[in-house]
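Step one of this worksheet: look at the structure below.
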Amino acid sequence: MAARMSAIASQFEKIVGSVGVSTWESLNSEQQVQISAALVPGTQIDCVIYPATPAELAEVMTCASQNRWRVLPCGSSSKLHWGGLAEGVQIVVSTAKLNRLIDHAVGDLTVTAEAGMRFAELQATLAKVGQFLAIAPTYSDRATLGGIVATADTGALRQRYGGIRDMLIGLSFVRSDGQIAKAGGRVVKNVAGYDLMKLFTGSYGTLGIIDQVTFRVYPLSTASQTVIFTGTPDAIAQATKTLLASALTPTAIELLSDSTVAQLQLGQGMSLVSRFQGIAVSVEQQAAKLLEVGQALDLKGEDLTDDDESNLWHRLSERFEDTAAAPVIICKIGVLPANAVATLAKVSEIRQSEMTEAIATIHASSGLGKLKMSGDATPETLLKIRQLCESQGGFLTVLSAPQSLKQQFDVWGYSGNALEWMQKLKQQFDPQDLLSPHRFIRNI
């Protein structure tokens, strides 16, 4: 028997129809767990709304604004549990049905799609004409384009292609009052609204609900090869410095902690993993030159191609995902690139002294990376690693963790000087504090 519609759900049923509204009781247990993980414990969600067009989404937000109902935006919910816990939310608005391809200008290397389209589906479509979106997001099989932008989840390919902000050239979003706004365009040369697109990247649904995005895309490479070095921190640091100063053009350079290396069964010590992609002759020559660097430093070197290479990058990505079966803590970390190897070495020391499980990886040129710890790690241990990152010119942000830990630990740990501006922007975009309330830095 279908769950009876509440007064709130009935209001939205008039906009999106009965198929566009699900009561909390009608959701399956997995959906309930995913949504609850983003909320302060005890929050009672009335319903989930699934608008099928931008116009419906705008009308949904107009209704929410008029009634001052607080909203948690989501896509596929793959990363909904990242970041802080939203407070006082009554409804969830999903972009899952906003999943259409709008335009693919093959010759201009741009693509426009609705925010609810899954990354994997877009990649499959682009691959048919030899193109791809140059990011490697977490949960790549489930992640939606809007969710990727909202969490600024780029992945290892930032080495050559930059971050989400570098590829996002246009977006459309619905404001908290239901008005539709647009920034940028569908051509790479159009830079109007560029700052607004930067603003929405990594905003965690606090400024508006993204309904459409436009990305620049790139031609698929015809060849790929990955070089793996393992050895002492000093030798890995020198190899990294040499690589970054060279004329070589890898698409990804990842530094792995010793525990990450052990889990991936790559050997002992720390590791430098470099991926080269392009035409075959260039890839082979660059990989060979890098292997020579490793030999001169007495590093254990190995090169992978085809399935072995794909499996390595897939396993590395999987290691930093979480499952409901085993609670873990996943953090985004950042340090000055020159301090990346030293940071990973000190994380290993903390891991051993605190007797906790922890793996970490850092992009060699940006200094951004991820840390994954067992779910029973204490706030004190997290604080030690945050202080370590800050001493190396960086930060630590908790993405995924048990709700109890998020309630007693500052998830964002922001110590910059832009808080006042963030608060002003939130007030300007969402004056009633309806969107993802208190989920961002300092309860924004």
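Atoms considered below: every heavy atom in the structure, side chains included; atoms not considered: hydrogens, waters and symmetry mates.
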Would you be so kind as to tabulate the donor-acceptor pairs closer than 3.5 Å made by side chains of residues 8-17, with sequence neighbours excluded?
| residue | atom | partner | partner atom | Å |
| --- | --- | --- | --- | --- |
| Ser10 | OG | Ser6 | O | 2.8 |

Open item on the list: So does Ala156 get a backbone contact from the side chain of Trp313, meaning a donor-acceptor N/O pair under 3.5 Å?
Closed with: no
Task: Asp258/Arg351 salt bridge by N-O under 4.0 Å criterion - done: yes
- [ ] Compare all side-chain heavy atoms of Tyr204 with those of Thr151 and state whether any distance is below 4.5 angstrom.
- [x] yes
TODO: Give a yes or no on whether the backbone of Thr249 and the side-chain of Arg160 come within a donor-acceptor separation of less than 3.5 Å.
DONE: yes
Task: Side chain Thr356, main chain Gln352, donor-acceptor under 3.5 Å - done: no
- [ ] Answer with yes or no whether the side chains of His363 and Glu254 bring together a donor and an acceptor at under 3.5 Å.
- [x] yes
TODO: Find the distance between CD (Gln32) and OG (Ser77) and round it off to the nearest 0.5 Å.
DONE: 12.0 Å
Task: Gap separating the CD atom of Gln423 from the CD1 atom of Ile441, nearest 0.5 angstrom - done: 10.5 Å
- [ ] Check for a donor-acceptor pair, side chain of Arg319 on one end and backbone N or O of Leu264 on the other, with a separation under 3.5 Å.
- [x] no
Open item on the list: To the closest 0.5 Å, what do you measure between OG1 (Thr138) and CD1 (Ile148)?
Closed with: 9.0 Å
Task: Heavy-atom side-chain contact between Leu382 and Arg386 under 4.5 Å - done: no
TODO: State whether the number of non-hydrogen atoms from other residues, nucleotides or ligands found under 6.0 Å of Asn28 atom CG is greater than 12.
DONE: yes
Task: Residues Ile330, Val328; criterion side-chain contact (heavy atoms from CB on, under 4.5 Å); working and verdict - done: CA-CA 6 Å; Ile330 299 177; Val328 295; 4.0 Å; yes
TODO: Please report the shortest heavy-atom distance between Gly75 and Thr95, naming the atom on each side.
DONE: CA-OG1, 3.6 Å
Open item on the list: Determine whether Ser26 and Thr23 satisfy the following criterion, side-chain hydrogen bond (donor to acceptor under 3.5 Å, both in side chains), listing intermediate values before the conclusion.
Closed with: CA-CA 5 Å; Ser26 67; Thr23 62; 3.3 Å; yes
Open item on the list: Can you tell me if Lys182 has over 12 outside heavy atoms packed within less than 6.0 Å of its NZ?
Closed with: no
- [ ] May I ask you to check whether Asp376 and Ser374 show a side-chain donor-acceptor distance below 3.5 Å?
- [x] yes
Open item on the list: Quick check against the 3.5 Å criterion: does Asn67 have a side-chain atom that pairs as donor or acceptor with the backbone of Ala64?
Closed with: no
TODO: Step through the shown structure and confirm whether more than 12 heavy atoms of other residues, nucleotides or ligands are within 6.0 Å of CD on Gln31.
DONE: yes
Open item on the list: I'd like to know whether Ser65 forms a side-chain hydrogen bond (donor to acceptor under 3.5 Å, both in side chains) with Asp177, so could you lay out the CA-CA distance, the side-chain angles of the two residues, the decisive distance to 0.1 Å, and finally the verdict.
Closed with: CA-CA 5 Å; Ser65 176; Asp177 61 1; over 6 Å; no
Task: Over all atoms of both residues, closest heavy-atom pair of Leu157 and Gln277 - done: CD2-OE1, 4.2 Å
Open item on the list: Quick one: does any side-chain atom of Asp308 pair with a main-chain N or O of Thr305 as donor and acceptor, under 3.5 Å?
Closed with: no
- [ ] Please name the pair of heavy atoms, one in Ile350 and one in Thr381, separated by the smallest distance, quoted to 0.1 Å.
- [x] CG2-CG2, 4.3 Å
Open item on the list: Between the side chains of Glu380 and Lys384, is the shortest nitrogen-to-carboxylate-oxygen separation below 4.0 Å, so that they form an ion pair?
Closed with: no
Task: Least distance between heavy atoms, Thr343 atom then Gln392 atom - done: OG1-CG, 3.3 Å
Open item on the list: For Pro437 versus Val71, what's the shortest heavy-atom pair and its separation?
Closed with: CD-O, 4.0 Å
Task: Minimum-distance pair of heavy atoms, taken over all atoms of Gln131 and Leu220 - done: O-CG, 3.7 Å
Task: Sole residue of Val335, Leu371, Val341 in side-chain contact (heavy atoms from CB on, under 4.5 Å) with Ile362 - done: Val335
Task: side-chain hydrogen bond (donor to acceptor under 3.5 Å, both in side chains) partners of Glu309, counting only residues at least two apart - done: Ser224, Thr226, Arg275
- [ ] Compare all side-chain heavy atoms of Phe409 with those of Leu383 and state whether any distance is below 4.5 angstrom.
- [x] yes
Open item on the list: For Gln432 and Arg68: C-alpha separation, side-chain torsions, deciding distance, then whether side-chain hydrogen bond (donor to acceptor under 3.5 Å, both in side chains) applies.
Closed with: CA-CA 7 Å; Gln432 297 185 83; Arg68 299 203 172 197; 2.8 Å; yes
- [ ] Describe, in one word, how the ring planes of Phe200 and Phe429 are oriented to each other, choosing from parallel (under 30°), tilted (30 to 60°) and perpendicular (over 60°).
- [x] perpendicular
Open item on the list: Donor-acceptor pair, distance only, cut-off 3.5 Å: does the side chain of Ser203 make one with the backbone of Thr206?
Closed with: no
Task: Sub-6.0 Å ring centroid separation between Tyr139 and Phe320 - done: no
Task: Under the salt bridge (charged side-chain N to carboxylate O under 4.0 Å, His left out) test, residues paired with Glu30 that sit two or more places apart - done: none
Task: Distance, nearest 0.5 Å, that separates CD of Gln263 from CG of Leu316 - done: 10.5 Å
Task: Distance, nearest 0.5 Å, that separates CG of Leu399 from CD1 of Ile333 - done: 10.5 Å
Open item on the list: Checking the side chain of Asp430 only, and the main-chain atoms of Lys426 only, is there a donor and an acceptor separated by less than 3.5 Å?
Closed with: no
TODO: Indicate yes or no for a side-chain donor-acceptor contact from Thr260 to the backbone of Leu256 under 3.5 Å, with no hydrogens or angles considered.
DONE: no
Task: Check ion pair Asp322-Lys372 (N to O, under 4.0 angstrom) - done: no
Open item on the list: Nearest 0.5 angstrom please: Glu114 CD to Leu57 CG, how far?
Closed with: 10.0 Å
